[in-house]
Amino acid sequence: MAFQKAKGTQDLLPAAIGTWQYVEAAARELCRRYGFREIRTPMFESTELYQRGVGETTDIVEKEMYNFEDRGGRSVTLRPEGTAGTVRAYVENKLYSEPEVAKLYYIGPMFRYERQQAGRYRQFHQFGIEALGALDPALDAEVIALGYDFFTSVGLKGVRVELNSVGTPEIRAAFRERLLAFLEPKRELLCKDCQSRMDRNPLRVLDCKHDQAHFEGAPSILDSLDESCATHFDQVRAHLDAMEIPYTINSRLVRGLDYYTHTAFEYKAEGIGSIDTVGGGGRYNGLVADIGGPDQPGVGLAIGLERTVLLLESQQTELPETTRADVYVVGLGESAAQAATGVAKRLRGAGLAVERDYGGRKMKAQLKSADRYEARLAVILGEDELARGEAVLKAMASGEQQTVRLTELEAQVITQLKEMDAQ
Ligand code: ATP
Ligand code: MG
C-alpha cells in the first residue's frame, strides 16, 4: 500500500516553491530594513509554556494543540504559534539585558489540530515578528507597518488593516461585566460557540462571524479605555498616519490569544474561501512576566504564509521571472562529456546556473533539454572542436552561433549573458 501525507499537511513541490521563496525573501528583506533579526527556536516546547503563554481559554490550547508525552514522560507540544517560544528564548537567554529593544523575526512551520479547509492546515507556516522591551506606541505602529509593507511588497492588493485597543486586563475585566449585561438577555439567540464563549471569554463573542446581527448597540471597549490606554491608542494612530498606513478601526476586534494589551490588529483580505484574515498581532505587556521573565513589554504580529500564497494565486499576481538555467552545456561523445563536466564546474564557479546532459544523448535531444530549462545560452562541445581547443556558443533564442576559444569561454559566456540582460 502506498503512503499518503497526513491530513492537513502539504508537500511544497519544486514547481511551486518559487512563490514560497519569493514571499520569504520579501519578509527577510523587510525585516532587514526595519531592523528585525532572525531567531530560530525549537519546533516543540513544554506543553505548559503554551498553556501559560497562549492562554487556557483560547481555541489553540482548548482544542488545537498537538500534545504528546515523550519517552521521558514529559508533556511536549508541537508549536502552535511563534510568540510563546520566542518570548521563552528571550527570557532564557537574557536578551532583555541588551541595551536596545529586541526586534526578532521568525519564519517556519506551526502545528494546530484543526478541521482542514481552504487556508486552514494542520501544519502551516507563519512569518512573525516580536519587539520586546519598549512601550513606545511608535513600535506598535512600525510592527503594523512592516506587515502592511509585506503584503504590498509581494504585490497583493486589497489587504486592509483593522485596528483596535483591548486596554489592560483591569479594563477588560470591567468591560466584560458591561458586555455580559448586554449579552445575557440574548443568550438563547446566539450560536453554540458564542454561548460557551460567554462563559469563558465573552470578549471573543463580538468577533463571531454568525451573530453580528445581534450585536447592534453592544458596548464598545473603546469607550471603556482609561486615559493612558486612550493616549497610547491615539499615538499609535498618529504614528500610522505619519507613515501613511491606511487602517480602519474595528472596536469588536479581539485576537484569539489571551495575552494582548492595548493594540490589537488584523490584516484582512478576500479570496481564501470563507476565511478573511491573513495575519494579525498586537501588544502583550504581561506575557514576558507571565512566563517567568522580567516585566518587559512586547508587541508582535504573525502572518500566515499559506494564505499569502493562496491570495497571490487568486489575484494572479505576477511574480518576477526565474529561469532554471543560464547555460546548458552540450557534450557530444565520451571525452567531450568529460570536458563538459569541467566547463559546467567552471561556469558554476563563476556564479551561473548550469545544466547539462546526464545520459550521452544526441545533440538534438540535448538542445531540446536546454530549451526545457529555458537556458539562454548553450555551450556545445564536440570532439572536433575540442581537438582545436574550441567550443560553439549558441544563443538559444536567436539560434545564432559563434565559435570561441576554450580559454576565453568563461569570459565570452559572461559577456553574452550581460548583453542579453541589457537588451
Ligand atoms: P483564524 O481565526 O483563521 O483561526 P487565528 O486567530 O487562529 O486565525 P493566529 O493565531 O492569529 O490565527 O495566526 C496568525 C495567522 O496564521 C492567521 O491570520 C493565518 O493567516 C495563519 N493561520 C492560523 N491558523 C492557520 C491554519 N490552521 N492554517 C493556515 N494558516 C493559519
Ligand atoms: Mg484559529
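Atoms within each ligand, like the ligands themselves, are counted from 1 in listed order.
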Could you tell me whether some N/O pair between [X] and ligand 1 is separated by less than 3.5 angstrom?
| X | value |
| --- | --- |
| Val278 | yes |
| Ile60 | no |
| Gly279 | yes |

Verdict with reasoning, Asp199 to Arg187, per salt bridge (Lys or Arg N to Asp or Glu O under 4.0 Å): CA-CA 11 Å; Asp199 301 323; Arg187 182 183 276 272; 3.0 Å; yes
Shortest non-hydrogen pair, Pro320 vs Tyr22, comes out as CD-CE1, 3.3 Å
Give the atom numbers and elements of ligand 1 that come within less than 4.0 Å of a heavy atom of Gly119. 28 (N), 29 (C), 30 (N)
From the options Arg122, Gln126, Lys209, select the one whose nearest heavy atom is closest to atom 16 (O) of ligand 1. Gln126
If you measure from atom 27 (N) of ligand 1 to every heavy atom of Arg307, Glu114, Gln123, Lys268, which option wins on shortest distance? Glu114
Yes or no: does Thr277 have any heavy atom under 4.0 Å from an atom of ligand 1? yes
Applying a strict 4.0 Å limit to heavy atoms, is Arg120 in contact with ligand 1? yes
Looking only at the aromatic ring of each residue, does the gap between the centers of Phe150 and Phe127 stay below 6.0 angstrom? yes
Under the 3.5 angstrom rule, does the side chain of Gln116 hit a backbone N or O of Arg122 as a donor-acceptor pair? no
How long is the span from the CZ atom in Arg40 to the CD1 atom in Ile107, to the nearest 0.5 Å? 8.5 Å
Could you walk me through whether Arg74 and Glu48 satisfy the salt bridge (Lys or Arg N to Asp or Glu O under 4.0 Å) test, starting with their C-alpha distance in whole Å, then the side-chain angles of each, then the deciding distance to 0.1 Å, before giving a yes or no? CA-CA 10 Å; Arg74 303 167 199 91; Glu48 211 194 328; over 6 Å; no
